[in-house]
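Numbering of ligands and ligand atoms starts at 1, following listing order. Because the structure is predicted, anything quoted here is derived from the model rather than measured.
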Amino acid sequence: MKVGYIQFNPVFGEKGRNVKTILKLLDEGVQQGSDLIVLPELCNTGYVFRSKKELKSLSEDVPEGETTEVLATFAREKRVYVVAGVCEREKGKYYNSAILVGPTGFMGVYRKAHLFNREKIYFSMGDSQFIVYDVSKAKIGIMICFDWFFPEVIRILALKGAHLICHPANLVLPYCQTALLGAAIQNKIFIITANRIGVERGVRFTGGSQILNPNMKILSKSGKSEEVKVIEIDIKQAENKKITEYNDLWSDRRLDLFHPLITWGENP
Ligand code: ACM
């Protein structure tokens, strides 16, 4: 299976221009043969909102909004799966969301569970369950940027059978790209982080988008410039939860000791 990410610099408030850029870069990903492409967080609007008025004018319904419709049409026509961060509105609330579209069109939306810093002023906390989707030969889960700081998110998705985490991001702190090496090995899972670049309203984003394999290997790593990256991965690597002849990632977990501190998750 071929998977990839797009790292670029969305322009705040210029939704039409951003969507045009996204379509051009997605097309490059399709030409490289990608089955699945991950875009950054809030990639249609930009990140640094300063008022509810801005949110009102830039947010969209999902799936009826223009960005979702355009990306769903692209995905249907090119027979590709796309995960993209979008600014969603529903019933007077705003969500920092990510949509999944594919050959059948719109497939689902994930609303960011853990809001970072001033996002808390403007966005509502996500109410999505952590859902695993069938995408080509893989099962994928979605989290958005700061969600990474809460290891339960990847753990739950891995326990539900995800081979691959799609991680749209607008990272500003220096920890994530290194910390996720631990998450990859601790869950024996692939992680694609699609980060943005540039400076927006004084906030600098860190770039460094990456693809990690279940053995903590960095399969791809970007710098701080625009990039469309596509690589081949063997999704089956994420099905092997053996660590040694005598150790298994799931069945070795001491649920008898974890309980009742952690009540979720049976051994699959
Ligand atoms: C972040 O969650 N955008 C840092």
Side-chain angles (χ1 to χ4, degrees), residues 5-15 18 21-22 37-52 54-55 58-60 62 67 82-89 93-100 109-128 130 140-157 165-184 191-212 221-224 226-227:
Y5 59 75
I6 288 169
Q7 173 170 292
F8 79 113
N9 185 9
V11 182
F12 187 84
E14 305 266 340
K15 211 160 63 168
N18 291 332
T21 305
I22 288 165
I37 305 172
V38 185
L39 282 147
E41 178 181 11
L42 293 173
C43 65
N44 63 336
T45 58
Y47 178 75
V48 187
F49 284 90
R50 282 189 179 148
S51 69
K52 287 262 176 178
E54 287 179 343
L55 272 165
L58 291 168
S59 59
E60 298 179 11
V62 173
T67 305
V82 176
V83 175
V86 299
C87 184
E88 183 192 1
R89 74 163 159 253
K93 287 189 171 176
Y94 303 102
Y95 298 98
N96 181 338
S97 298
I99 54 164
L100 169 64
V109 61
Y110 167 74
R111 293 172 172 168
K112 186 175 185 177
H114 303 92
L115 298 174
F116 178 72
N117 206 0
R118 293 175 63 83
E119 288 172 36
K120 289 197 171 187
I121 301 171
Y122 301 114
F123 290 101
S124 293
M125 277 192 295
D127 51 2
S128 308
F130 299 103
I140 69 152
I142 300 170
M143 66 174 184
I144 300 176
C145 206
F146 189 54
D147 280 330
W148 79 265
F149 225 102
F150 302 85
E152 292 88 347
V153 176
I154 296 181
R155 191 61 149 188
I156 290 167
L157 290 168
I165 304 292
C166 298
H167 184 210
N170 278 187
L171 292 159
V172 295
L173 300 177
Y175 314 117
C176 173
Q177 289 89 336
T178 308
L180 285 184
L181 289 165
I191 306 174
I192 304 178
T193 297
N195 196 17
R196 65 163 287 181
I197 48 171
V199 180
E200 184 182 286
R201 295 179 159 181
V203 176
R204 183 177 296 278
F205 301 96
T206 60
S209 297
Q210 64 186 15
I211 302 178
L212 305 178
K221 176 89 175 179
S222 291
K224 291 200 188 302
E226 183 173 296
E227 185 162 20

Using the ring of each side chain (for Trp, its six-membered ring), is Phe150 parallel, tilted or perpendicular to Phe146, with breaks at 30° and 60°? perpendicular
- Query: Is Lys112 paired with Asp147 through a side-chain N to carboxylate O contact shorter than 4.0 Å?
  - Reply: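 Looking at Asp147 and Lys112, the cut-off is not met.
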With a 4.0 angstrom cut-off on heavy atoms, strictly below it, pick out the residues next to ligand 1 and order them by chain and number.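 Correct list: Glu41, Tyr47, Lys112, Phe116, Glu119, Cys145, Phe146, Asn170.
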The side chain to side chain contact (heavy atoms under 4.5 Å, CB included) partners of Arg89 (sequence neighbours excluded) come to Ser59, Asp61, Tyr94
Discussion item. If you define the side chain from C-beta out and look only at heavy atoms, does anything of Cys43 sit under 4.5 Å from Asn18?
Written reply: no
cation_pi(Arg196, Tyr47) dist<6.0 Å, angle<=45: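 Ring-cation test returns no.
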Say whether, by atom type as modelled, one donor and one acceptor occur between the side chain of Ser209 and the main chain of Asn195 under 3.5 angstrom.
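Confirmed, Ser209 side chain pairs with Asn195 backbone.
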